[in-house]
J.: 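I have a structure here, written as structure tokens, and I will follow up with some questions on it.
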Amino acid sequence: MLLGTVLVLLLAGAAPASAHAALRGTDPDDGSVVKRAPRHVTLTFTESVGLLDDSFRVFGPDQRRVHTDEATHADGRSDTARVGLPGKLAQGTYTVAWRVVSADSHPVSGAFSFSVGKPSATTGQIDTGPIEDPLTGGLHDAARYLAYLAAALLVGLAAFALLCRPADTSPLRRPLVAAWWTLLGSTVVLLLLRAPYETGTGPAAAFDADALGRTLTGRPGEALLARLVVLLLAAVFLIRLSRRRGPEQRPAVLAIGTALAAALALTWAAAEHASAGIQVPLAMTSSVLHLLATGVWLGGLVALLLTLRRSAGDDLWEVVPRFSRIAFASVTVLAVTGVYQSWRGLGSLSALTGTSYGRLLLAKLVGVCVLLLVAGYSRRWTALIAAPAVPARAAVPAPVPQPVGAPAEGHEAAEGPETGQVSAAPPGETGEAGPTSGEPEPPGGPVKPGAGSGDPGIRRRLRRSVLVEVAVAAVVLMITTVLTGTLPSRAQAEAAQQAPVGALPPTTEITVPFDTGTGSVTGSGKVQISLDPARVGENGIQAIVYGSDTGIVVVPEVRITFTLPSRDVGPIDAELTDRGGYWSTNAVNLPLAGNWTMKTTVRVSDVDQVSVERRVRVRP
């Protein structure tokens with residue numbers, strides 16, 4: 001269970017996956033002033049979204065909530081959300097807080113404002129309701145990560161037993177059962193937490209019967225139910241697999257196991273980002289293959305470690321080369337599907353270095369290259385496991401005179417089946433095995449294939465190499481986790497290109513260099529800060545710290561405050577949260593337009609920190 005332990009520790013501090021649906025535009029436009037009160041508020045997204053009972057909350061100039069109709073899709077289009085407004089709206093500024101569920105099953109929320117007649121004289125801070133309950137989000141993310149890990153172990157361990165065919169599968173049984181129960185438990189937790197996760201409420205809402213009923217009728221809920229059914233079928237399959245089967249039944253067993261694994265992977269692909277956007281059938285196929293290859297490879301590595309450690313290893317010379325070939329095929333599938341999925345999320349080569357998504361993708365690519373190098377090193381020890389060990393040849397003794405009628409030198413004497421007489425025929429003529437070169441057999445006995453598997457030094461080096469391979473894979477998965485929490489470059493570009501006339505870009509990026517004077521890698525560098533949308537009202541902030549070597553570094557604290565000197569407002573603390581690789585928040589409210597002073601404080605140790613100020617323009 002080393003892989004699971006390492007990944008849980010690494011992923012515990014990772015950022016929760018955020019939605020991949022980007023807001024293309026609003027009607028009325030954000031910050032606009034309309035002469036007549038609109039009858040509807042309409043939002044348009046880059047992909048289809050699901051609606052909640054409380055998808056819209058509209059607040060009037062008096063900061064009281066305005067009664068609205070039920071949220072619907074505009075003109076039947078699944079990538080829109082619309083709510084009807086009362087017939088008469090008072091003059092002033094209105095704030096619209098919205099929350100929908102992206103097609104990849106993650107909720108996405110935001111807020112914007114518009115004015116009827118003219119803007120209100122003052123803009124106060126409005127409580128637009130919950131964005132995300134921290135406890136619900138943490139529990140949901142933990143269950144989601146455990147589900148991925150358990151699925152990889154379940155698929156990988158079963159595939160190792162079926163395809164590599166070790167003589168002793170007892171070391172795999174307990175981890176296999178633990179993986180099944182972990183996946184079952186995490187799936188039930190995800191099903192219960194689905195409703196509060198979508199609405200941003202506390203975990204207690206998981207026991208609301210009405211909310212659970214809505215979950216079971218939505219696509220994410222249906223996918224989770226299907227996963228439970230597949231798990232029950234998999235349990236029956238594993239019980240029957242534990243019984244000895246003849247070779248003639250192996251094709252049927254492999255076919256059933258492959259079908260169950262594909263169905264399990266499909267429950268992820270059908271409810272996540274592959275099910276929306278461009279080329280949906282191809283994207284879902286790619287996602288299923290990617291998940292299966294990940295499970296066969298990473299879960300198989302754990303199975304190989306257990307086999308090397310606990311099994312007697314008499315058949316390692318057969319098992320290890322089989323897994324080596326399977327791992328190579330899995331890596332090939334991962335490379336092909338990974339390139340396609342990266343292209344689908346990236347959109348253009350320029351985005352590879354010009355967006356956060358692209359830069360994280362480059363970091364993942366470097367990790368994958370290191371992983372392939374380590375895997376190649378492991379294959380060297382695999383070859384030694386399968387190689388024959390030839391015993392040292394002793395000196396050939398001098399010929400000894402033989403009595404007349406005795407067998408000739410180099411010939412093997414054999415008794416006849418009934419007469420008991422000794423035969424002087426050569427081995428090739430009697431059907432018995434013997435040396436083919438005419439030379440005496442080595443003193444250690446005949447050369448056996450795979451005799452190198454009995455060398456404890458070779459096995460120990462292979463175990464260490466596979467351990468390193470698992471550790472590097474864990475780092476790659478950690479980068480992938482951060483990547484899933486970043487808006488894809490293609491969606492960001494689509495949102496920017498199709499934004500309303502006069503609208504601002506979706507994100508304002510500020511680079512803040514810092515130097516604490518300590519001379520260490522983390523003591524100097526820069527902070528890349530994204531402020532979205534840099535307008536009056538609620539804003540989101542993401543801060544990534546780079547060291548002097550331009551690599552991402554981890555620091556104890558990043559604090560950002562905003563002050564508006566011209567209006568004597570502030571400081572407003574953004575209250576950033578460490579997301580395991582970057583710092584972020586979605587709930588900093590900037591109530592007035594103007595040139596704000598953004599103060600960034602970076603603490604690199606208990607005593608060393610530095611503060612840097614930058615001017616930021618916040619528009620109405």
Side-chain angles (χ1 to χ4, degrees), residues 3-4 6-7 10-11 14 17 104 145 147-160 162-164 179 257-258 261-269 272-274 279 281-305 321-346 352 357-358 360-379 382 465-484 486 488:
L3 176 63
V6 172
L7 289 180
L10 287 172
L11 296 177
D104 62 359
Y145 298 144
Y148 273 115
L149 295 175
L153 285 175
L154 186 64
V155 172
L157 292 171
F160 187 90
L162 286 173
L163 300 176
C164 298
T258 302
L264 191 64
L266 189 61
T267 62
W268 270 279
E272 296 195 348
H273 196 62
Q279 303 175 353
L282 182 58
M284 291 186 63
T285 302
S286 174
S287 179
V288 169
L289 292 176
H290 197 84
L291 290 171
L292 290 178
T294 300
V296 170
W297 185 22
L298 299 186
L301 285 175
V302 176
L304 180 61
L305 284 175
R322 286 172 187 160
F323 176 73
S324 180
R325 292 189 293 268
I326 294 169
F328 181 80
S330 299
V331 171
T332 303
V333 174
L334 284 172
V336 174
T337 56
V339 168
Y340 169 73
Q341 292 176 0
S342 299
W343 167 83
R344 191 170 181 261
L346 201 60
L352 196 59
Y357 183 88
L360 285 171
L361 198 58
L362 283 176
K364 179 181 178 180
L365 179 60
V366 172
V368 170
C369 291
V370 174
L371 183 59
L372 292 177
L373 290 175
V374 178
Y377 184 75
S378 298
R379 286 175 65 87
T382 298
S465 178
V466 174
L467 276 173
V468 174
E469 197 173 344
V470 170
V472 177
V475 175
V476 173
L477 286 180
M478 182 180 65
I479 298 175
T480 303
T481 302
V482 179
L483 189 64
T484 59
T486 305

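Any value given below was found using the heavy atoms of this structure, including those in side chains, with hydrogens, waters and symmetry copies removed.
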J.: Do Tyr340 and Leu282 pass the side chain to side chain contact (heavy atoms under 4.5 Å, CB included) test, and can you show the C-alpha distance, the side-chain angles, and the key distance before you say yes or no?
T.: CA-CA 10 Å; Tyr340 169 73; Leu282 182 58; 3.7 Å; yes

J.: Determine, stepwise, if the pair Leu149 / Leu153 fulfils side chain to side chain contact (heavy atoms under 4.5 Å, CB included).
T.: CA-CA 6 Å; Leu149 295 175; Leu153 285 175; 5.6 Å; no

J.: Of the non-hydrogen atoms in Ala150 and Ala179, which two are nearest, and what is the gap between them?
T.: CB-O, 3.5 Å

J.: Nearest 0.5 Å, what's the CG-CG distance between Leu154 and Leu264?
T.: 6.5 Å

J.: How close do Ala261 and Leu292 get, heavy atom to heavy atom, and via which atoms?
T.: O-CD2, 3.3 Å

J.: Yes or no on side chain to side chain contact (heavy atoms under 4.5 Å, CB included) for Cys369 and Leu373, after CA distance, side-chain angles and deciding distance?
T.: CA-CA 6 Å; Cys369 291; Leu373 290 175; 5.8 Å; no

J.: Would a distance-only check, ignoring hydrogens and angles, find a side-chain to backbone donor-acceptor pair under 3.5 Å from Thr285 to Pro281?
T.: yes

J.: Can you name the residues that form a side chain to side chain contact (heavy atoms under 4.5 Å, CB included) with Thr337, not counting sequence neighbours?
T.: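 By the side chain to side chain contact (heavy atoms under 4.5 Å, CB included) rule, Thr337 matches Ser286, Leu289, His290, Val333.
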
J.: If you look at every heavy atom in Phe160 and Ala303, which pair is closest and at what distance?
T.: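 The answer is CG-CB, 3.5 Å.
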
J.: Got a list of side-chain donor-acceptor pairs under 3.5 Å for residues 295-302, not counting sequence neighbours?
T.:
| residue | atom | partner | partner atom | Å |
| --- | --- | --- | --- | --- |
| Trp297 | NE1 | Glu469 | OE2 | 3.3 |

J.: Nearest 0.5 angstrom please: Leu304 CG to Arg322 CZ, how far?
T.: 13.5 Å

J.: How far does CG of Leu163 sit from CZ of Phe323, to the nearest 0.5 angstrom?
T.: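 Here the interatomic distance stands at 10.5 Å.
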
